[in-house]
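These notes are about the structure you will find just below.
Everything quoted here is computed from the prediction, not taken from an experiment. Chain letters run A, B, ... following the sequence lines, proteins first, then strands; residues in each count from 1.
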Amino acid sequence: MGEPLYPFSEIEQTVQKRWKAENAFHVTRAPELPKYYCLEMFPYPSGRIHMGHVRNYSIGDAIARYKRMCGFNVLHPMGWDAFGLPAENAAIVRGIHPADWTESNISHMKDQLQKLGLSYDWDREVATCHPDYYRWNQWFFLKLLDKGLAYRKEALLNWCESCATVLANEQVEDGLCWRCGSVVILRTMDQWFLRITDYAEDLANSLETLEGWPERVRTMQANWIAPSKGALIDFKIERSGEPALQTDSLTVFTTRPDTLFGVTFLTIAPEHPLLESLIEHSPEKSSAQAFIEKTLRARTHQSREEPEKEGVFSGVFLRHPLTEERLPLWIGNFVVASYGTGVVMGVPAHDQRDFEFAQKYRLPVRQVIVPPGQDPTPPLDSAITEDGVLINSGLFSGLSGEEARLTITAHLEKAGLGRPKKTYRLRDWGISRQRYWGTPIPVIHCPSCGIVPVPEGDLPVLLPRDIHFTGKGGSPLADHPAFRSVPCPSCGGTGRRETDTMDTFIDSSWYFLRFAGIEDSPRDRPFSSEALSYWLPVDQYIGGVEHAILHLLYARFFTRVLFDLGLSPVREPFRTLLTQGMVLKDGSKMSKSKGNVVDPDLLISEYGADTVRLFTLFSAPPDKDLSWDDKAVEGAYRFLGRIHSRIESLIEEFPDAARAGTNAWRETLSPEAREIRTKIHETILKVTNDLENNAQMNTAIASLMELLNTLSQFQGNATREDSDSRQWILVSGYRTLLLLLSPFAPHLADHLGRRLGMERIAHLSWPVPDERALVKTLVPFVIQVNGKLRATLSFPPDAPEAVVVLGAREDERLVRALSGQTILKTIFVPGKILNFVVRPSQ
RNA sequence: GCGAGAGUGGCGAAAUGGCAGACGCACCAGACUUAGGAUCUGGCGGGGUAACCCGUGGGGGUUCAAGUCCCCCCUCUCGCACCA
């Protein structure tokens, strides 16, 4: 590496020092000013920033800076999603306390972000692992508990015996524990859940109001929530003298109550909570148990393949609610326990899965629906899933489709045998984690009082610092006697503190409210409501698509809950969403294992932050994947270097450039200078439109490069221009260029701005194109024959058809193209195109 | 299987139905240089001496005019995946 093209390192350090000294990007609410809340997803402090962060924050910063120059009061905060498992792993592997590891990562990453020159209001910085943040997680949890939105229930979890810990699905590899390699089993445990399904309907319906969100993300969320309308139907359990069960019927969920008379069996999920007691006295108990065990073991394998449908007869019989027919209950591996009721009615004639199952186990098939234009056609060779007219369905025969579904459901409801029901693919949100580095769940288990919430005044429940990591797994907090053992707030007896901590998705479900609401440093509330109602909603949210479902759904849910609690001024937190593409290298995602990571620090020291930012914005539209190309970065670097050297030589030629006035309109300019002025104003228009429409920064930057090329060329030519006009056009051109560049390469723009007489460019006004400059005297007209280009000729933009036709017919190429042709008609688009439609004459 | 998105030079990409390939990378030539992996200037889809012809995954269609709109097909990426 030889001489840098321009002294970026000194420039960037000087400019950053000045921003810091001025606290340049600090904001407070100002009701008289329009606000703009620009937010990028805050990072997990893993240790170092990566190119994905650089891209995310470069996009966000360009938007924030642009809006600031447009006159908005811009809130642009940054913080740390600081709880999570990696900190605990570091503690185990390297013996560093999670808190120390996290703090040191934060401090290093903050340095890195500051080196990029991002215009954050650092006064609002939050870290979710600090008690003054996570205490509000606990406070919200108590509110949710109070509202019945937090509850406890048994859930099936992946459990590793040897680590004595719960594993997330992605930590189970091929049925084995990712850490120790032993077999993972499914185990039921009491877990805390949040009732997100109470909001499912609203979360799904409101998606269509989110016009500023990518269609893709809305579809993903809709598919994830997936409302489904149907009915619950009860089937009585047949008894033969054995002891009473907890319940005397099993309930199924179906979207097709119209097929009720086609039921020939029922199927239950192997992990259904009632199954064990159901088969207790079954003659088939041992084969049933063997099947259940085998299936549950297979469940932990995260195989992508859909396993073959298998099942076994449970030995139990049920009664059809309307016909009283005796129906066998089968256990099936294809039944999803957590959806609907975990029991489905088997209608082989009208459901493909049931059909395959019935074929395999020779269960009867009974057709009860005849689609329009068809005859009953037993035996079937596949299920008939379309709607049709009911047959063999008692008094409902003859009804069709939707009519039958409503009538049968109503009939069942009247008889107390069923009811309409809407279910969702979305499940309630399990938030318990058997981990240390998270928010303690603020409840106490008391042997006499049950579950007792920690009184609000006792918050926060602090994470104890003196924690012992065995590396064996299990919740470290459960091994901490002083934390665990606590008097019951209600009876004073000995209680056991909840030792599970919260899912870290809770932390990120409301941080955007905290950033805004931290403004008046509220002590007894999570945020200042005045500040919230000024700043919310987030106007522009930017982050990776990988958060399209979970984070964004949880944040929408949480915001609704807080709205209902009177704490949030909005129900929807994010007005517009930009999901940026991945940063790829050599065709695949950057990762340590592939050895294709690009280190932002290295790039910054080699080219400077401005180049790194500019290239990431220039090389692809923000929402598409970006292929990193070490060579192509040089293009961005050369562009900035050229701006620097051009402006320096301009100052050499005109030492008074900084004091030159360029705002007044000039009538007297050479045609050449006029054209350049037009180009300047066209560039303003182009960059502004590109930023307003979908943040198309790649094309905005391309047009800045065009402007530089134009100015450069003019500057390099010894023109006949008089010196005063020459200075005027060049200075106004470069000033505009710097203003337009400043969201993308803020350091260089600030530095060169000063050289040309503009102080604090980040706070100057965004330029507005002058209509007078956009008027052109001549524009190229495309002359076509039968739609094929034959010439381009210059005319005034408002030239009438006759003039253009006349001019065209004089053109040598047109004369050739039209000879021997009869003109049928001409198509004329003013200012643009003339097309002769011709046919050979005779 | 279902849903969404995308296929354009050697590469990243650009084009309100109106000149396909702006801008950048790579490459080629020239200038300046003791030197060039620096910088500057110019060229750069394919074919053809040229006039011209061909060209946006493939095939049809609408139109004076299609990368863009409509129909069918192929390929790739992403999301969901036995959801009753």
Side-chain angles (χ1 to χ4, degrees), chain A residues 1-5 214-224 226 228 230 252-256 259 267 304-309 332-347 350-354 356-357 385 423-427 545-546 548-549 581-582 584 614-615 618-621 623-636 638-639 641-642 645 686 696 698-709 712-713 716 780-792 813 816-817 824-829 831-838:
Chain A
M1 196 74 212
E3 276 287 286
L5 284 181
E215 190 57 43
R216 189 158 76 112
V217 175
R218 292 197 276 172
T219 310
M220 279 163 80
Q221 290 216 354
N223 291 341
W224 188 263
S228 176
V252 304
F253 172 74
T254 179
T255 55
R256 294 296 302 275
T259 64
T267 320
R304 285 271 88 183
E305 292 294 300
E306 198 171 288
E308 190 173 340
K309 285 175 192 42
N333 66 345
F334 63 95
V335 182
V336 180
S338 48
Y339 184 77
T341 61
V343 189
V344 298
M345 56 188 215
V347 188
H350 304 294
D351 182 285
Q352 190 56 31
R353 292 157 301 187
D354 296 341
E356 287 165 28
F357 195 75
T385 53
T423 55
Y424 303 90
R425 209 193 74 102
L426 177 72
R427 315 285 152 76
V545 229
E546 64 272 22
I549 298 176
M582 288 188 299
L584 308 176
L614 192 78
F615 176 73
F618 170 65
S619 209
D623 53 336
K624 290 228 247 161
D625 287 350
L626 168 81
S627 334
W628 191 264
D629 179 346
D630 290 329
K631 287 301 286 183
V633 181
E634 309 238 355
R638 280 199 284 261
F639 169 63
R642 220 155 42 230
S645 76
K686 169 78 176 149
Q696 296 302 314
N698 54 329
T699 47
I701 292 166
S703 69
L704 294 182
M705 291 174 169
E706 282 185 57
L707 177 58
L708 175 66
N709 292 345
S712 262
Q713 203 144 43
F781 274 69
V782 173
I783 314 298
Q784 300 177 332
V785 175
N786 282 348
K788 295 195 175 192
L789 173 74
R790 284 298 174 260
T792 49
R813 291 187 35 163
R816 209 181 314 129
L824 300 179
K825 62 172 166 174
T826 56
I827 307 285
F828 181 71
V829 182
K832 271 197 180 142
I833 208 161
L834 175 68
N835 186 13
F836 294 100
V837 183
V838 303

(request) Report which part of the nucleic acid A:Arg427 touches: base, sugar-phosphate, or nothing (heavy-atom distance under 4.0 Å, all strands). (result) base
(request) Considering only atom P, compute the distance from B:G48 to B:G3 and round it to an integer number of Å. (result) 47 Å
(request) Quote, to the nearest angstrom, the P distance that separates B:A6 from B:A50. (result) 39 Å
(request) Report yes or no: is there a donor-acceptor pair, N or O only, under 3.5 Å between the side chain of A:Arg353 and the base of B:A84? (result) yes
(request) Look at the rings of A:Phe828 and A:Phe781 and say which category their plane angle falls in: under 30° parallel, 30 to 60° tilted, over 60° perpendicular. (result) parallel
(request) Measure the spacing between CG of A:Asn333 and CD of A:Glu308 and express it to the nearest 0.5 Å. (result) 8.5 Å
(request) Establish, with yes or no, whether the OP1 or OP2 oxygen of B:A84 is under 4.0 angstrom from a side-chain nitrogen or oxygen of A:Tyr339. (result) yes
(message) By the 4.0 Å heavy-atom rule, please label A:Ala632 as base, sugar-phosphate, or nothing.
(response) sugar-phosphate
(message) Just to be sure I understand the rule, does A:Pro780 reach a base, reach only the sugar-phosphate, or reach nothing, if contact means heavy atoms closer than 4.0 Å?
(response) base
(request) Classify the nucleic acid contact of A:Val335 as base, sugar-phosphate or nothing, counting any heavy atom under 4.0 Å across all strands shown. (result) base
(message) Using atom P in both nucleotides, what's the gap between B:C70 and B:C83 to the nearest angstrom?
(response) 32 Å
(request) Taking syn as within 90° of 0 and anti otherwise, name the glycosidic form of B:G12. (result) anti
(request) Grab the CD-P distance between A:Gln784 and B:G17 for me, whole Å please. (result) 17 Å
(request) Verify, without hydrogens or angle tests, whether A:Asn698 (side chain) and A:Ser619 (backbone) share a donor-acceptor contact under 3.5 angstrom. (result) no
(request) Could you please name the partner base of B:C82, counting Watson-Crick and G-U wobble pairs only when both distances are under 3.5 Å? (result) none
(request) Examine the base of B:C25 for any acceptor or donor lying under 3.5 Å from a partner atom in the side chain of A:Lys631, and report the outcome as yes or no. (result) no
(request) Under 4.0 Å between any heavy atoms, over every strand shown, what does A:Gln713 touch: base, sugar-phosphate, or nothing? Just pick one. (result) sugar-phosphate
(request) Could you work out which one of B:C82, B:A38, B:C23 sits closest to the side chain of A:Leu5? (result) B:A38
(message) Here's a test for you: under side chain to side chain contact (heavy atoms under 4.5 Å, CB included), which of A:Asp351, A:Val336, A:Val252, A:Val335 qualifies with A:Val344?
(response) A:Val335
(request) Ignoring backbone atoms, test whether A:Arg638 places a side-chain nitrogen or oxygen under 4.0 Å from the OP1 or OP2 oxygen of B:C25. (result) yes
(request) Would you kindly give the CG-to-P distance between A:Asp625 and B:G7, to the nearest whole Å? (result) 13 Å
(message) Heavy atoms only, 4.0 Å cut-off, all strands: where does A:Val837 land among base, sugar-phosphate and nothing?
(response) sugar-phosphate
(request) Once you apply the 3.5 Å cut-off to both distances, tell me the Watson-Crick or G-U wobble partner of B:G37, or none. (result) none
(message) Taking any heavy-atom pair under 4.0 Å as a contact, classify A:Phe836: base, sugar-phosphate, or nothing.
(response) nothing
(message) Can you tell me whether the side chain of A:Lys624 and the base of B:U77 have a donor-acceptor pair closer than 3.5 Å?
(response) no
(request) Could you let me know what B:G5 is paired to, Watson-Crick or G-U wobble, both distances under 3.5 Å, or none if it's on its own? (result) B:C76
(request) Pick base, sugar-phosphate or nothing for A:Glu215, based on heavy-atom distances below 4.0 Å to the nucleic acid. (result) nothing
(request) Determine whether any donor atom in the side chain of A:Asn835 lies under 3.5 Å from an acceptor atom in the base of B:C64, or the reverse, and answer yes or no. (result) yes
(message) Is it the case that the base of B:C40 and the side chain of A:Arg642 share a donor-acceptor contact (distance under 3.5 Å, atom types as modelled)?
(response) no
